[in-house]
Every structure is written in structure tokens, then in C-alpha cells.
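Shown next, in C-alpha cells, is the structure this report addresses.
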Amino acid sequence: MNRFSITKGLRIFGWMTVLLLGASLTAQAAIDGITGTKNPDGTVVFNLVARKGNISTSDGDSFQMWGYAVGNRVQYPGPTLIVSQGDRIMVRLKNALPATAGNTSITFPGHQVSARGGVAGTLTREAPPDGATQVIYEFTATEPGTYLYRSGTRPDLQVEMGLVGALIVRPGGGPDPAHHAYNHADSYFDQEYLYFITEMDPWIHRQVEFTPASAVDTTKYFPTNWFINGRNWPDVMSPAFAKWLPTQPYNCVLRMHPGQKILVRLVGGGRDIHPMHLHGNNFWVIAEDGRMFSSNPGVSGADLAWSDVTYKIAAGRTADAIWSWNAEKLGWDIYGHAPGDPMEPGEYAPDHGKPFPVVLPTRDSMTYGPFYSGSPFLGAGGDLPPGDPGLNANAGYFYMWHSHTEKELTSNDIWPGGLVSFMIIEHPNVPIP
Amino acid sequence: MRKLELVMIPLLAVFFLGLGSVPSQAALFVQCPGDWDGDMVPNEFLPDGVTPNPDYNPNVVCMHISGGDGYLRMADGTDLYAFGFGEVPPPKQVPLRRVMNRQSLKARAPAPHIELQEGQELYLTLTNVGMTMRPDLFDTHSVHWHGYPNAAPMFDGLPEPSPTPNMGASFTYYYYAGVPGTYFYHCHVEAAEHMQMGMIGTLHVHPSQNGTPITYGGKTFTKFAYNDGDGSTGYHKDFHLQITAFDSNFHIQHEAVQPLPFADMHDNYPMFNGRGYPDTINLSNNKVTPDKKILNKKGFWAQRANSLVTATSGQTILLRIGNVSTTHLYTITTTLGVPMKVVGQGAAQRKSPAGVDVTYEANVLNFGGGQAYDVLIDTTGVPPGTYFIYASDLTNLSNGDEERGGLMTEVVIN
């Protein structure tokens, strides 16, 4: 029974305002990155320049970084290189870092790389800081999966300074490479997201501003800043390519509908181990370091996958996890249906029409979070107290995906910050771009 | 009664915005459906003792905990200021109007243990009794059932997408225990602070397979970690070994109302079940032993869980081990000479979606914060004696500056 009252009209007007304001909270549909240009011979070419720049942290600070740039502007982390299995890859690197930074280079762990040009280095060939000399790295992306690339020149300093990025190799043998991580149905996903994790010791960056790289001491490394895709919480929730974060283009806002499958590509881009905890449900770890957990690789899929709620991402490691959520076995109907109401797409049928089980305290007995819609039901809104930011315009379900080393939920001594982002489950009728 | 009204809003796309209203109640109150006499146990019959209680559901389990502050005594004698959950007696025993006073400074470590059978429904009421030693704070508290599958934000305990109870108010969490396994629970409000301060407890759900004898590996079990179908997670005795840790400096600065040292946070008191060795084997909660209770500086028995593992040679032990440190990964090993078989992880049996057994045997386990393992130890052939479970990253065998103790407990095989 719906009787339209003035009160309710005002409520709806308030919600429409919130919805309009909330429109800036959008997410990427696929992982942002660059796909390079194709040479006539089919080789996929990336032109990167190592440059100096600055990033902002969520505690209001700013730090000098070195990073791999596509154009004139540095970015942190480096551009996500997205290629296809079987592609011949050529990465051309120039070094426009300050002369005191010294040479730089790129390594591609997990790939057999040939390098030419530049000067000889310890791990690979290096580009001297003249802005002109070109080093060429070539390899074939033989196996699909999630990888990283990073400096092979004084990596203790240069990776810390930002010379690190993700490499995604899409499968070449399956029917739908945009929705499979590997050449097997076990790796199917509806949406994919990158969790590229790095940390920072601010003192090293301060030293770099005043000291030649050769004199910078990294042995007292003590990180106090943590990043997902180059941003701290809450900057991760800002749009990708936000103008106010010019050197940190990638965000981390995860969205899905109930029942969808999410691929999380986790990358340990720094030097510490981070136990990443996904609220809301268990996930299946289907692969590490670009190899599926398979008893018969190429045939049996991810038949050795395992389940957990926290994945310990080691430094330099990558992992692919599949996550889903469908309100199974909650014991109440997340849509607040009456027993005779029609089902929502993908709804968990045994709980259909089951009433909300508890009485909630009065509003003045509770503190509302900014992502609380005012109602326990998915896609439903409710009255919000005056001053509530109302950041959950679509009344989605928010799940924190974060480091369970809770200290890392800070940005240089300021709570909250660091390694936090949110998965948002939207009502089936809310479009996800 | 709950009403559900649906309104159409044409904006960008058309979707439903349900304005569901639910009844609400102010201040302190507990919810326990079917309980009419205030003992937090549902009544099968109405007061006449004959008429069946229409609200009675034998699966309902009720519990009332408080969130607040208190003190804990470390194994080297240091008293640390802490936050924690306390256990609130039923209203029949202690009227609700007395709860705020009574629960002041009654924080416990670990928090009151929660143990459920698969299929039970937990009505867990949290009352925020405030921080007696920090009257300047107005923090809320929450319960996050870590690892609860298919959680909904309302009962996930995250302060961002849900309401959390203010001081002097109660909030009842509802959990259908649908998936067996080893979990834990903790407060998620300002998590780096509240978890460092100690708001963490043990929780596990027994599988419905329990009670049915199944023979596996020549042994017959009636208790299992999971619904394995073949007895492969069977055990005779289970023990929680929950690793938490404190950074004493953080606690001292906290009590002194100083800016909280988040960046410097570095745990120096690693503990099993809220105690460092040798307090881990203090059996003061067992009336037949002469051990002196570990009392805090207020004379309150706040740390009630020992970590002594006992078994008869030949029995299979299930260890429910998790790490909830806010700064450290920890590494554990034993002197038993037999391996630990990891049969579960993150409240899930080590079995792939294809049904393949992905268990493994190990002598050393490494945990990040938020990780929990279910580990079987088959003591067949282990001679009677006293053995140790301890941190193989040896720096953690310490209680603050006291270099003997910390993350260690004993296994007594009879």
C-alpha cells in the first residue's frame, strides 16, 4: 500500500539530491591501463620515460617520486601494461630523471627478456639519465596472468621511489579473453579489479630531495604510508584520472551485482607482506605469479584452488582471486520482501520473504557511517540524520577490502588512510558501467 | 511491524528505492526472541508451563556483551590500559539499569568466547558502556564477525556502511550460523586503534556432521572441523590459540591522553589467548588447580583463557590458530616431532571447488593478521611428556623487555 504524502515527497527529493551529488562516485568497468601500439610486424610497443614528479598523500602531504611516464607526466605506479598472450612486446625506456638519480632500467619478473641499447647494468641494460639514450627490452608474453615490472637498478631505492607497475597478460586461447584470467572456464569473471599494493618510507623521499641517490640510506627502511594503485584511502574512492591527483591516475572502487564473479588481481609491488582481508565472503585463490593452481596445467583448470578470507600478498608476488556474493544463508531477506513479492535476479531463494530479525536502536542511539543508506536492505534508503554525507546514493552494500595489519590503515600517522578500499554490491537495477 | 514501500525514481536509469522501515528502540535493551523470563534462554513454554511458547525457536542463542575499557596484566607484571568486550549477565540476574556501572572497566582479553552449532541463530547484543579512563572519548563500538560468509553490512560491524551503538546504547547483531569453521570477532570501529587496544575474541561454528561416528585413518571420530563427508577433519579435542599482540607504548600513550602513535606502532607483547608465557599455562580458571588467578590492577580477572593443550597419546588434536595482530606476521612451530596438518583456512575446508583435497602437512605455520588455520595434530607415537608450541621467529619469545616468554604455550601428552 503506497500512499504518497508530502513528507515522503520531501524524502524522495532529498534522495534525488543525494543521488545527483553521489554521481561522482563512479567506477571503472575494466582495469585502466595502456595497450601500446602495434608495429607492422605485430610487435606491441610501449614507450616509457623515467621522470621525476610529485604525488599527494591523504594526510595532506606531498612526496617526490620517480616513475615510468608515458608522456611528460610521471605516474604512480607506472602505467598498467595490458597485452595479450603470444604478443611480442617491445618496451623502449629513456631516462629523464635528475642526473643525481643515476641510471635506471626495467625488469619483467617471470618473463625471458632480451635487452639492447643503453649501458650494461647488474641485472639488465640500463638507461643513463640523459633523457635521450634508449634501452629496448623485448619479450614474448607466453603465459596469461598478472605480473609486475620494476626497476632493476638499485631497486631498494628506485622501486620505493615509484619505478614499478603492473603487467596484465590476457589469455590468447579462450573464447572470451575480456572475461577470463586464463585459458579455462575456472577463471571466468564479470568484473576485474587491480589491487596494486605499495608502501612508502617518507624519510627516504625527503633524503632524495636533498641528497644524491648514491648517498641515500635505505637500510633504516620504516614505511608509514601505504597505497592501493598509487593512492591512499580515501583517495582510492575518487574517480580514475581525477584532475586533483594528476600523477595518481588509478583508483580502486569495486562494484558488482549480487551473484556476479569478481577477479581481484593482487600485486605485491613493494617490499613488505600485506595480509589483504576481503569483507563479505570467502574468495578462491586460483593462481599465483601467473600460474593457475592446476593438477594438470592446460587441462584441469584451477582444480587446486583454495579458499580464504585473507590473502597474504608477498613482496613481488601476484595472485588472482575470484570472489562472489549472493546473500546465501543470511537468514533474512536482504530486499525486505514480503513472502509473496517477486524475486530479484540472483536472489537466494530460501531466505525470500524472511523478516529482518532484530529491532534497531533509535537513531539518536547510533552513529551512522557515511556509507550507510539509512536502511538494512539492499537498494533501499532511509532517513539520514542532518549532516550525514549520504555517500551511498544507490543504497548499495559496502564491504571493506583492506590490510588486516591494521596499522596499515593509516597515512603517515593519520587515521584513517592507507590500505583500504570498498567493494560495493549494487541492487540489480542499478547500472554498473 | 515492518512495512516495505516502494517508490519509482526515474534518474539516469530507473531502479527501485525501497524505503523499508524497521521498528526501533532507545537506550539499553537486549533481544532474545522467545525469552520471557530474562535469562537469555528462549522459553519453550509460556509462564503457565503448559502452553507452548509461539516465539520459541530451539536454534536461538542469545548473548550480551559490553564494549568498553579496562586493564590487562602482561606476563612480566606490566599493567596495560586496554579496550575490550565484557560479558554481561542476563537481565534476570543484573537489571539493565545496572549494566553501565557494572560493566565499567570489565574489558576482557580475549573477548567472551562464542561457540555455535551449525544452524543456530545468534542474537548478540552489544552495549557500549563507554571508556571510564578516557571520558574525553565518545567512540562507538561494533562486532565484526571476521570471515562470516555472505555478510550483510548491517551485521558486519563496519562503522562506515552501518550504524554503531553510541555510549549508553545497545545494538543487537543477528547471525545465522550457516557455515562451520574457525572465525574470530573484533570491533571494527577505528580498527587500528580499537584492535590494538584489545577488542578481539574467539569464535567457532561446529559442523552439523558432529555426533555421527565416522572412521578415518583407523580412528573413529564424532567431532569434526568441517562437514568433510569422510571424517578427514575429525578430532578428539580442540583448542583455540588466538594470537594477539600489544604495543605497550601505544597503550601507555593512550591512557595518558596523548596523540596516538600509529606510525610507530610495533607490537612487543605477543600473546596466545590474551596472555604471554608462562601465563599461557596458568589454569586459574580450573578450580582443581592451585594457580593464582591473573588479576589486573583493579583486581578484576580479565584474562580468563589459558592455552594449555592436553591430550592422551594417540588422540588427534585440532588447533584453531589465528593471528589478529595489528602490526606483525607470526610464525609458529612445535616440539612434538609430528607434523601439523592444515585442514582448514579462513573458515573453509582445504578442498578445492573441484573437490580436490588441498590439505598439507607443515612443521611451521606463518600467519598474517586476519588469518586463521585449522590444524590437526595426530599424537600417535608421541611419548607422554611436555612439549611446546612457540614462535619460531624467536624475537617474539618475549614479554616486552623480558626476553623469556611471549608467544609460547605447552602441550602435555599423557
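Chain letters run A, B, ... following the sequence lines, proteins first and then strands; every chain starts at 1.
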Checklist entry - Relative to each other, are the rings of A:His279 and B:His144 parallel, tilted or perpendicular (30° and 60° limits)? => result parallel
Next on the checklist: If only side-chain N and O atoms count, and only distance matters, is there a donor-acceptor pair under 3.5 Å linking B:Asn150 with A:Glu328?
Outcome noted: no
Checklist entry - Checking A:His274 against chain B: side chain, backbone, both or neither under 4.5 Å from a heavy atom? => result neither
Item to check | Least distance between heavy atoms, B:Pro153 atom then A:Tyr399 atom | outcome: CD-OH, 3.4 Å
Checklist entry - Under a 4.5 Å heavy-atom cutoff, which of A:Thr224, A:Ile334, A:Leu278, A:Asp303 has the most pairs with chain B? => result A:Asp303
Checklist entry - Using 30° and 60° as the class limits, which term best fits the ring planes of A:His277 and B:His146: parallel, tilted or perpendicular? => result parallel
Item to check | A:Ile286 side, atom CD1; B:Ser352 side, atom OG - distance, nearest 0.5 Å | outcome: 12.0 Å
Next on the checklist: Per the side-chain hydrogen bond (donor to acceptor under 3.5 Å, both in side chains) rule, what does the pair list look like for residues 119-129 of chain B, sequence neighbours excluded?
Outcome noted: B:Asn57-B:Glu121, B:His64-B:Thr127, B:Glu121-B:Tyr174, B:Thr125-B:Thr172, B:Thr127-B:Ser170
Checklist entry - Backbone N or O of A:Asp308 within a donor-acceptor pair of the B:Gln345 side chain at under 3.5 Å? => result no
Checklist entry - Looking at A:Gly396, A:Ser403, A:Pro357, A:Gly331, which makes the most heavy-atom pairs under 4.5 Å with chain B? => result A:Pro357
Checklist entry - Under 4.5 Å between any side-chain heavy atoms of A:Asn281 and B:Tyr148, yes or no? => result no
Checklist entry - Counting a contact as any heavy-atom pair under 4.5 Å apart, which residues of residues 411-423 of chain A contact chain B? => result A:Asp413, A:Trp415, A:Phe422
Next on the checklist: Please find the pair of heavy atoms, one from B:Tyr373 and one from A:Lys312, that lie closest to each other, and give the distance.
Outcome noted: OH-NZ, 4.1 Å
Next on the checklist: Are the side chains of A:Tyr397 and B:Met154 in contact, using a 4.5 Å heavy-atom criterion?
Outcome noted: no
Item to check | Value rounded to 0.5 Å, distance of OG1 in A:Thr405 from NE2 in B:His328 | outcome: 10.0 Å
Checklist entry - Has the side chain of A:Trp306 got a donor or acceptor atom that lies under 3.5 Å from a matching backbone atom of B:Gln349? => result no
Checklist entry - chain A: which of B:Ala354, B:Ala191, B:Gly178 shares the most heavy-atom pairs with it under 4.5 Å? => result B:Ala191
Checklist entry - With chain B, which of A:Lys407, A:Met400, A:His402 has the greatest number of heavy-atom pairs at distances under 4.5 Å? => result A:Lys407
Next on the checklist: When you compare the side chain of A:His404 with that of B:Val324, does any pair of heavy atoms fall below 4.5 Å?
Outcome noted: yes
Next on the checklist: Given heavy-atom pairs under 4.5 angstrom as the criterion, report whether the side chain, backbone, both or neither of A:Tyr348 touches chain B.
Outcome noted: neither
Item to check | Heavy-atom pair count under 4.5 Å with chain B, highest-scoring of A:Thr410, A:Leu330, A:Leu304, A:Leu409 | outcome: A:Leu330
Item to check | chain A contact via B:His186 - which portion, at a heavy-atom distance below 4.5 Å | outcome: side chain
Next on the checklist: Do A:Thr367 and B:Asn166 pair up side chain to side chain, a donor and an acceptor below 3.5 Å, judged on atom types alone?
Outcome noted: yes
Item to check | Top contributor to chain A contacts, counting heavy-atom pairs under 4.5 Å, from B:Pro259, B:Gly355, B:Ala347, B:Gly147 | outcome: B:Gly147
Checklist entry - Between B:Ala169, B:Ala372, B:Pro353, B:Pro149, which residue shows the highest count of heavy-atom pairs closer than 4.5 Å to chain A? => result B:Pro353
Next on the checklist: Please classify the contact between B:Glu160 and chain A as side chain, backbone, both or neither, with a heavy-atom cut-off of under 4.5 Å.
Outcome noted: both
Checklist entry - Atom NE2 in B:His266, atom CZ in A:Phe222: separation rounded to 0.5 Å? => result 7.5 Å
Checklist entry - Among A:Trp284, A:Phe293, A:Tyr368, A:Tyr311, which residue forms the greatest number of heavy-atom pairs with chain B at distances under 4.5 Å? => result A:Trp284
Checklist entry - Nearest 0.5 Å, what's the CZ-CG distance between B:Phe262 and A:Asp59? => result 13.0 Å
Item to check | Separation of B:Thr140 OG1 from A:Met366 CE (nearest 0.5 Å) | outcome: 11.5 Å
Checklist entry - Which region of B:Met265, side chain (C-beta onward) or backbone (N, CA, C, O), has a non-hydrogen atom less than 4.5 Å from a non-hydrogen atom of chain A, or is it both or neither? => result both
Checklist outcome for this item: Of the listed B:Thr327, B:Val179, B:Asp357, the one with the largest count of heavy-atom pairs under 4.5 Å with chain A is B:Thr327
Checklist entry - What part of A:Ala305 gets closer than 4.5 Å to chain B, counting heavy atoms only: side chain, backbone, both or neither? => result both
Checklist outcome for this item: With chain A, the option among B:Ser325, B:Gly368, B:Ala192, B:Gly344 that has the most non-hydrogen atom pairs under 4.5 Å is B:Ala192
Item to check | Winner by heavy-atom pair count (cut-off under 4.5 Å) against chain A, out of B:Asn323, B:Leu158, B:Val358 | outcome: B:Leu158
Checklist entry - Do the side chains of B:Glu190 and A:Glu406 get nearer than 4.5 Å, heavy atoms only? => result no
Next on the checklist: Under 4.5 Å from any heavy atom of chain A, what part of B:Pro261 do you find: side chain, backbone, both or neither?
Outcome noted: backbone
Checklist entry - Considering all heavy atoms of both residues, which atom of B:Ala348 and which atom of A:Ser307 are nearest to each other, and what is their separation? => result CB-OG, 3.6 Å
Item to check | Heavy-atom pair with the smallest gap, counting every atom of A:Trp332 and B:Ala152 | outcome: CZ2-CB, 3.5 Å
Next on the checklist: Assess the residue pair A:Phe398 and B:Asp156 against the criterion (side chain to side chain contact (heavy atoms under 4.5 Å, CB included)); give the C-alpha distance rounded to whole Å, side-chain angles, the decisive distance to 0.1 Å, and a yes or no.
Outcome noted: CA-CA 10 Å; A:Phe398 277 59; B:Asp156 197 33; over 6 Å; no
Next on the checklist: Parallel, tilted or perpendicular: which one describes the rings of B:Phe155 and A:Phe356, with boundaries at 30° and 60°?
Outcome noted: parallel
